[in-house]
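Proteins get letters first, then strands, A, B, ... in listed order; numbering begins at 1 in each.
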There are 2 protein chains.
Amino acid sequence: MDIKLKQQASAITELTFDLLRCCEAKEKMFAKDHGLKVAEFRCLRIVEAGKSYSVQELATSMHLSPSRLTRIIDGLFAEKLVDRVQSIEDRRFAKISLTNKGQTLVGKLKEEYADLHGEMLKDISVEDRDKIYNGISLMQGLVSSWLVKNA
Amino acid sequence: MDIKLKQQASAITELTFDLLRCCEAKEKMFAKDHGLKVAEFRCLRIVEAGKSYSVQELATSMHLSPSRLTRIIDGLFAEKLVDRVQSIEDRRFAKISLTNKGQTLVGKLKEEYADLHGEMLKDISVEDRDKIYNGISLMQGLVSSWLVKNA
DNA sequence: CACTATTTTTGCCTTTAGCAAAGAAAATGT
DNA sequence: ACATTTTCTTTGCTAAAGGCAAAAATAGTG
């Protein structure tokens, strides 16, 4: 087997691992600062204003079980951040969408979370930022499709 | 403020978020396949054979609390993967190190985890792998030092 | 209409994690 | 020398995160 591949894989494994720990810590801090549980923040971050989602959709895109999602949505619903209505076409489905309050919060959240990253990125060159983008983009694609195959 | 920075920050925020979810799923699968709890896998992955660590060292490098680490180590100790001895120089300190069994397992773990990434990386070019490495390396550095400042 | 499949929820359990207090040992002041 | 403070780890308790299996509700099908 390719020796160069092995080296690169090893190095990338290590780095990704460290990045993961750091980003988890970062997410936890951010969520806490905004009075949210980490799971709630993660969930809110993927729902777009105006759209509606089934429990399953949210579960798969968050890589969590439907039952877990039910609980997360319970919390968001209790805080009046999302609405939960039965779909009329198929009443087995729930339609989860942001309330006005939810939309406002999510807007602020996305803005501030991007600002946080802007703060980190502001002292490096545009080219380096592109390198980060390209590298992570490639990696994300690989891991994502690996998951699809091996699930 | 720099409009280009804002765009790049936004894109990187999004990508990093997605990468994180995927990598967490990947870690969870891998740990499960090897009969380990995720926390145990994460801990084992950072201890090197021959070296010994204090609880605090492990806690800070895993971004966890000391008390959490005590529990994780309890588990590894129960499975005879690590030794825990009181330091002779300063008996407040614990010295955590891998047992022979632990070393064997960690060796296998690192090998197989790198192989898993090798599997993902095998179909792309050497140059793209370097792009991934460089991008993630840059990002890891930024997040890491951001955390130091904001903790 | 009985049966099967799908979607979500509920009950229950495990895992992950931190905080605050306790315990144990070292360092420090008087 | 001994009381006080500091440091490192552990323990008790609690919350948050997450999954599995069964139940509930609805849709589709023979």
Side-chain angles (χ1 to χ4, degrees), chain A residues 20-21 23-46 52-79 82-97 151, chain B residues 20-21 24-45 52-79 82-97 151:
Chain A
L20 211 59
R21 296 293 82 71
C23 286
E24 283 173 351
K26 183 193 68 187
E27 272 190 356
K28 184 169 290 189
M29 281 183 57
F30 186 82
K32 195 174 187 181
D33 286 351
H34 290 77
L36 291 167
K37 294 173 187 169
V38 175
E40 290 176 338
F41 166 60
R42 291 180 178 181
C43 184
L44 285 176
R45 208 176 163 310
I46 64 169
S52 79
Y53 303 80
S54 74
V55 171
Q56 249 181 0
E57 276 175 314
L58 294 176
T60 49
S61 73
M62 290 180 73
H63 300 278
L64 294 174
S65 68
S67 71
R68 178 67 188 119
L69 253 289
T70 295
R71 294 321 171 14
I72 295 171
I73 294 161
D74 282 348
L76 296 173
F77 185 76
E79 306 201 55
V82 301
D83 269 335
R84 170 158 50 182
V85 299
Q86 223 178 15
S87 164
I88 324 168
E89 308 94 61
D90 186 334
R91 298 198 310 200
R92 287 170 299 185
F93 282 84
K95 287 165 80 99
I96 318 291
S97 59
Chain B
L20 211 60
R21 295 295 82 71
E24 282 173 353
K26 184 193 67 187
E27 272 191 357
K28 185 170 290 188
M29 282 182 56
F30 186 83
K32 194 173 186 181
D33 286 350
H34 290 77
L36 291 167
K37 294 172 188 171
V38 176
E40 290 176 339
F41 166 59
R42 290 181 179 180
C43 184
L44 285 176
R45 207 173 164 314
S52 79
Y53 303 81
S54 72
V55 172
Q56 249 181 359
E57 277 176 312
L58 294 175
T60 50
S61 74
M62 290 180 72
H63 299 278
L64 293 174
S65 68
S67 70
R68 177 67 186 119
L69 252 289
T70 295
R71 298 300 165 38
I72 295 171
I73 294 161
D74 283 347
L76 296 172
F77 185 76
E79 305 200 55
V82 301
D83 268 335
R84 170 160 47 185
V85 300
Q86 223 177 14
S87 163
I88 323 167
E89 308 94 62
D90 185 334
R91 298 195 311 198
R92 290 170 297 184
F93 282 84
K95 286 165 80 99
I96 317 291
S97 59

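- With rounding to whole Å, A:L76 atom CG is found 13 Å from D:dA16 atom P.
- With distances taken from any side-chain atom of B:K28 to the nucleotides C:dA20, D:dA17, D:dG19, the minimum falls on D:dG19.
- In this structure, NZ on A:K28 lies 13.0 Å from CG on A:D33, to the nearest 0.5 angstrom.
- Atom C1' of nucleotide D:dG28 and atom CD of A:E89 are separated by 16 Å, given to the nearest angstrom.
- In this structure, CG of B:L36 is placed 12 Å from P of C:dT15, rounded to the nearest angstrom.
- Atom CD1 in A:I88 sits about 12 Å away from atom P in D:dA27, given to the nearest Å.
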Show your reasoning for whether salt bridge (charged side-chain N to carboxylate O under 4.0 Å, His left out) applies to A:R84 and A:D74.
CA-CA 9 Å; A:R84 170 158 50 182; A:D74 282 348; 2.7 Å; yes

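- Heavy atoms of A:K95 sit nowhere under 4.0 angstrom from any nucleic acid atom.
- Where A:E40 and B:E57 meet DNA chain D, the nucleotide closest to each residue was compared, and B:E57 sits on the side nearer the 5' end.
- Residue-to-nucleotide proximity on DNA chain C shows that, of A:E24 and A:S54, the 5′-proximal contact is made by A:S54.
- Summarising the geometry, atom CZ belonging to B:R45 is positioned 11.5 Å from atom CE belonging to B:M62; distances are rounded to the nearest 0.5 Å.
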Under the criterion side chain to side chain contact (heavy atoms under 4.5 Å, CB included), I'd like the reasoning laid out for B:K26 against B:M29: C-alpha separation, chi angles, the key distance, then a yes or no.
CA-CA 5 Å; B:K26 184 193 67 187; B:M29 282 182 56; 5.9 Å; no

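- Going from atom OG of A:S52 over to atom CZ of A:F93 covers 11.0 Å, rounded to the nearest 0.5 Å.
- Note on B:R68: a side-chain N or O is less than 4.0 Å away from OP1 or OP2 of C:dA17.
- Of the candidate nucleotides D:dT10, D:dA27, D:dA17, D:dA17 has the atom lying nearest to any side-chain atom of A:K37.
- Computed from coordinates, the A:R84 CZ to C:dT8 C1' distance equals 9 Å when rounded to whole Å.
- No hydrogens or angles were tested; on distance alone, nothing pairs the side chain of A:S65 with the base of D:dC20 as donor and acceptor under 3.5 Å.
- Interface remark: the A:R91 side chain does not form any donor-acceptor pair with the D:dG28 base, using a distance-only criterion of under 3.5 Å.
- Here the P atom of nucleotide D:dC8 and the CD1 atom of B:I73 are 15 Å apart, to the nearest Å.
- Under the 4.5 Å side-chain criterion, counting only non-hydrogen atoms from C-beta, B:L69 is not in contact with B:Q56.
- Checked against D:dT10, C:dT9, D:dT11, the side chain of B:R71 finds its nearest nucleotide in D:dT11.
- Atom pair B:E27:CD and D:dG18:C1' shows a separation of 16 Å (rounding to whole Å applied).
- If you measure from atom CD of A:Q56 to atom P of C:dT9, you get 11 Å, rounded to the nearest angstrom.
- Side-chain proximity of A:S67 to the nucleotides C:dC19, D:dA21, D:dG18 is greatest for D:dA21.
- With C:dA26, D:dA25, C:dT16 as the choices, the nucleotide that has an atom nearest any side-chain atom of A:R92 turns out to be D:dA25.
- Residue-level contact check: A:L69 touches neither bases nor backbone, having no heavy atom under 4.0 Å from any strand.
- Among C:dT8, C:dA25, D:dA17, the nucleotide with an atom closest to any side-chain atom of A:V38 is D:dA17.
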